[in-house]
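In the text below, chain A, chain B and the rest are named by the order of the sequence lines, each starting its count at 1.
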Number of protein chains: 2
Amino acid sequence: MKKYNIPVEAALEVIGGKWKVVILCHLIKGKKRTSELKRLMPGITQKMLTQQLRELEEDNVILREVYNQVPPKVEYSLTDYGWSLKQILDLLCHWGEQHIEKTFDNPEDMVVQINEE
Amino acid sequence: MKKYNIPVEAALEVIGGKWKVVILCHLIKGKKRTSELKRLMPGITQKMLTQQLRELEEDNVILREVYNQVPPKVEYSLTDYGWSLKQILDLLCHWGEQHIEKTFDNPEDMVVQINEE
DNA sequence: CATATAGGGTACTTTTAGGTAACTATGGAA
DNA sequence: TTCCATAGTTACCTAAAAGTACCCTATATG
């Protein structure tokens, strides 16, 4: 049984890692299909996306809904437990925006906009 | 010049990684010497500790104060900019505690208490 | 019959993170 | 004189994370 030296480690085990917070920030804006997530995260590979989604699902943070059709359709959304992270995610997003503004000369150049529709 | 697909990535670049949030959570409780941090984080090696502290310092999140004495004394504390993360860190800690309580049968067994004094 | 589709799985390789151990400085104590 | 303490640095090596390339399914379309 794994032990923590400080409780925040338990939170990091769930939302730590390179992609999980980003995935959750997208899901906060609504249910998303796998292909939408891939489009929103051009840097992620299929393998990593699936892997991170599986782990989030295992931690009961997101819900995976499989539609029985061909070609497949799978939708991901936050669970109630996932929604308990909303404030943290919102603050992180906001802090990130401020950090970009504070740190870079041309903040608007730092974010590659991806159409949400 | 590195670009982000979503601003939260900028936040993750600063506080992402295995140790940074943990370090910051300790520093929220006050200025700490290197040896204190090592004691509070039994799992971290000297090398990783120094490395993470350097990166946090470079991002202007923590302050490194070197006392000119032998044996050396170095103290780390949050900068004003570091304090702007306080709410996020507090929420993460709190979420971690809740997560432990929710997830494990004997939550109190999950945290190896380390004396703060 | 060939092909595209969406959402995967998997074996293999590369890259990165992290660990280990040895080394540094300096002044005071044993 | 030798050792200890603190806070490092560095070279080297291993382990973990991530990338690449390929495979699968089952239906619809041309």
Side chain of [X] only, please: which of [options] is the nearest?
X	options	answer
A/Q46	D/dA7, C/dG7, C/dT26	C/dG7
A/P72	C/dT26, D/dG8, C/dG7	C/dG7
B/S35	C/dT26, D/dA7, C/dG18	D/dA7
A/R64	D/dG8, C/dG7, C/dG18	C/dG7
B/K47	C/dG27, C/dG18, D/dG19	C/dG18
A/T45	D/dA26, C/dG19, D/dT20	D/dT20
B/M48	C/dG19, D/dT27, C/dG7	C/dG19

- Could you check whether the rings of B/Y81 and A/H99 sit parallel, tilted or perpendicular, using 30° and 60° as the cut-offs? parallel
- Calculate, to the nearest 0.5 Å, the distance between atoms CG and CD1 belonging to A/L53 and A/I44 respectively. 7.0 Å
If I take atom [atom1] in residue [X] and atom [atom2] in nucleotide [N], what distance separates them, rounded to the nearest angstrom?
X	N	atom1	atom2	answer
A/K38	C/dT5	NZ	P	12 Å
B/E75	D/dG8	CD	P	12 Å
A/K18	D/dA16	NZ	P	19 Å
A/L53	D/dA18	CG	P	14 Å
B/L49	C/dT20	CG	P	15 Å
A/I44	D/dG19	CD1	C1'	12 Å
B/E36	D/dA5	CD	C1'	15 Å
A/W19	D/dG19	CH2	P	7 Å

Check the phosphate of [N] against [X], side-chain N and O only, distance under 4.0 Å to OP1 or OP2. Yes or no?
X	N	result
B/R33	D/dT6	no
B/T34	D/dG8	yes
B/R54	D/dT9	yes
B/Y76	D/dG8	yes

Test item: [X] and [Y] side chains (from C-beta on) under 4.5 Å apart, heavy atoms:
X	Y	value
A/V21	A/L85	no
A/E9	A/I6	yes
A/T103	A/M110	no
B/Y76	B/I23	no

- Under 4.0 angstrom, heavy atoms only, what part of the nucleic acid is A/Q51 near: base, sugar-phosphate, or nothing? nothing
- Message: For a quick check of understanding: with a heavy-atom distance under 4.0 Å over all strands, which category does A/Q69 fall into, base, sugar-phosphate or nothing?
- Response: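 It contacts nothing in the nucleic acid.
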